[in-house]
Each structure stands twice: as structure tokens, then as C-alpha cells.
Amino acid sequence: MTTASSSVIHWTDEARQQAFAAWLASVAPAHGLQPETVRSASADASFRRYFRVDALKEGARGSFIIMDAPPDKEDCRPFVAVDRLLDAGGVNVPHILSWDEPQGFMLLSDLGEHTLLATLEATDYEHPPGSANRARYQAAIDELVRLQGVAQGEGAQALPPYDDALLQRELDLFPDWYISKLRGQVLTEPQQTQLAQAFALIKSQVLSQPTVLVHRDYHSRNLMAHPADPHARPGVIDFQDAVWGPATYDLVSLLRDAYVIWDEDIQLDYAVRYWERARKAGLPVAADFGEFWRDFEWMGLQRHLKVLGIFARLALRDGKRQYLDDIPRVWTYAHRVASRYQGLGPLARLLEQCEAAHGGTQTQVGYTF
């Protein structure tokens, strides 16, 4: 097992570093933690950081995850509430072992070091029966059906609704950050009107869909996979922004992932498999697959317009320039759908205009990392 000194972790606040050391010392004995092994595990698009720490108790070795979430920047209560809801329903989420709410430190069970994205076979383009990639996606779909199925009670329906106001706030990221700030385009009044009309169409279609618990980021970087067993249940993380909303949202996140793109026939195949499992499990999905696929496409368009704005904001405001590399993939998803459906032609042309100003429209298709 690899170990590392806590000095590897970069602290900008000495007082927080000291508070962390004191908290870790206080919880270490109960869990057999070895504080000297603390090292960085990951960071995400928020102010949360994650560390890994080794443990040795009664002769058994293991590891745990520590969340560092400064309370003045991150509210851990939604994470705790959703984690407990999903954990009680049998979803493979981290167990919360200790939580210092005032200081924002949390000890969690460790779901492993490998994301689904990291374990995908780069040469497996077709996902044939028996392939590791197919097994991993089928396991992810099964876990999604389980997540949505245990969330039909009062606890899940008390989550914030994915309503018109939230959908609009997300869509507004697209003109504010992607069109204006990233691509430097100024919309004419006719274009502003056309964009507003497109947004109204998208929201109307999305809000008419059946609803379930929505993870909101159910994709290859938020699913932890077993490197040696592609059939193993994936671990589910980063669910703190869960809402009650369209049943297609998380499937779009998985199959039209911002970090990996598969040919559309593969997306269709997995969508059919999800739809069959969801219907069998009694989830509220459309009875006709054609209608379900249309729901999937419109939901995906809303998500991808939002993500274009988020990635632009992460790059420009937060200095996380690596997200610019993922924009062509997301643009491709959005442009394909905008080009297919009546009333969305002006949106497709606007997407083309933005990329032409950047140096040429994106045209990539198929598979890429």
C-alpha cells in the first residue's frame, strides 16, 4: 500500500491545517488510522478536497477517505442527507463514519482509487457482449436503477425540485459564460429572442417528463470501479446536489458523458437496456421507447448547454483551464440535438457561430477520450 507524508497536502491556511491535525488525532484511535499516511486523493470543481489515510486495526489493513470542506465555502448537510438516504436504500455510497460539522471534516469509507473513466478499455470501441466496457456500463446502469428505485419515498421527494427556475438558472450559464465570456460573442436582439424561445421549448419538454431522484452528476468520474472486476457494483460519489426531477437526466450524464464519447448506436443500445430495466423496476419512464429517447435527447441538450457554461466558468473564473479540453465533446452533443428537432435550428446556428469565431466549428464524432 502506497503511503505519503501529510506534507504532500498543500495548506494555505495554517489555522485550518492545525485544526485538521487535531481532528484527525481525535478520530484516529477509534478507526485505527495512521495519520502519517494522509495524502491527497482528489479535488473536485468545488472547494471540497479529499484525502486518503491508511488504517491498521486488529491486524487488518485498509484505508479511509477524509473530506475537507471549509464550512464558510461548503455546506455538507446536503451531502450527509443524500448519503444517508441512498445508503439506507442499498446504493453503494460511502458510509459516513465521523462528521465534525462546525469544522467541515468528515471521515468516510473508501470506495477505491479507480474511477469508471480510468478503467475503461481505450481499444474497446464497440462494447461487444463479454467486453469489460460493456460489463462496466451494465453495472452502472443497474446501480442507477437501484438509486432511482429506492428514492420513491418521502425522503427523496423532499429534495429540491428540478423546476423551471433551476432549469433557467442553469441555462443562463450558456450565454453568460460560454457565448459571451469564453467565445466573445455579443448576441443581437433577434438572437436573444431566438435563444429565449429555444430555452422555453427545452424547459417545456423537460418539465413534462416523469420524475425521480436525480443525482445530477452520474458520470464516469463520479463512479468508482473495481480495476480487476468489471462486473462489480460501482461506488457512487458526488451526489450532494441531488434534486427531484426528470428520470432521463442521470442516464444522459452517463451515456453522453462530458469526458468520454461513444458512437450513438452504443448510446442507443445502453438506453434500451436501461429503459427495459427501469420499466421492470416500476420506475416512471415513458411506455414507448421512442418517446423515452426523445425525452433523453431534450434533457441532454439542457444539460450540455449548462455544462458548456460551467466549463467556461471553471476555466475563466477559477483558473481550471483543463476543462476547456472537454468543451468539444460537449459541444458535439448539444449541436447534434439542436440540429435534429424543430424549433432549435437557430440554437444550432448559434453554436456554429461561436465555434467559427473560435477557429472553426467542431465536427468530431464517434469515440474519444
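Model, not experiment: these values are computed from the prediction. Numbering of residues begins at 1 and proceeds along the displayed sequence.
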Undergrad: Which residues satisfy the side-chain hydrogen bond (donor to acceptor under 3.5 Å, both in side chains) test with D295, sequence neighbours excluded?
TA: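 Checked D295 against side-chain hydrogen bond (donor to acceptor under 3.5 Å, both in side chains); matches are Q205.
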Undergrad: Does the pair D269/R273 count as a salt bridge with the N-to-O cut at 4.0 Å?
TA: yes
Undergrad: Y270: which residues meet the ring-ring contact (aromatic ring centres under 6.0 Å, His included) condition with it, sequence neighbours left out?
TA: H127, Y137
Undergrad: Sequence neighbours left out, what pairs pass ring pair (Phe, Tyr, Trp, His ring centres under 6.0 Å) with at least one residue falling in residues 67-122?
TA: F20-F105, W23-F105, F79-F239
Undergrad: Please list all pairs meeting side-chain hydrogen bond (donor to acceptor under 3.5 Å, both in side chains) that have one or both residues in residues 227-237, counting only residues at least two apart or in different chains.
TA: E143-R233
Undergrad: Could D163 and K203 be called an ion pair, given the rule that one side-chain N must be under 4.0 Å from one carboxylate O?
TA: no
Undergrad: Excluding sequence neighbours, so at least two apart, what forms side chain to side chain contact (heavy atoms under 4.5 Å, CB included) with S208?
TA: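 So S208 forms no side chain to side chain contact (heavy atoms under 4.5 Å, CB included) with any residue.
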Undergrad: Among all residues two or more places apart in sequence or in another chain, which pass the side chain to side chain contact (heavy atoms under 4.5 Å, CB included) test with A30?
TA: none
Undergrad: Under 6.0 Å from the six-membered ring centre of W11 and within 45° of its axis: does the NZ or CZ of R49 meet both?
TA: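 Yes.
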Undergrad: Charged N to carboxylate O below 4.0 Å: is that the case for D238 and R48?
TA: yes
Undergrad: Does the side chain of E74 come within less than 4.5 Å of Q240's, by heavy atoms?
TA: no
Undergrad: Do the non-hydrogen side-chain atoms of Q302 and Y162 ever get within less than 4.5 Å of each other?
TA: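 Counting from C-beta outward, Q302 and Y162 do come under 4.5 Å.
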Undergrad: Before accepting this row, confirm whether a basic side-chain N of the pair D318/K320 lies closer than 4.0 Å to the acidic partner's carboxylate O.
TA: no
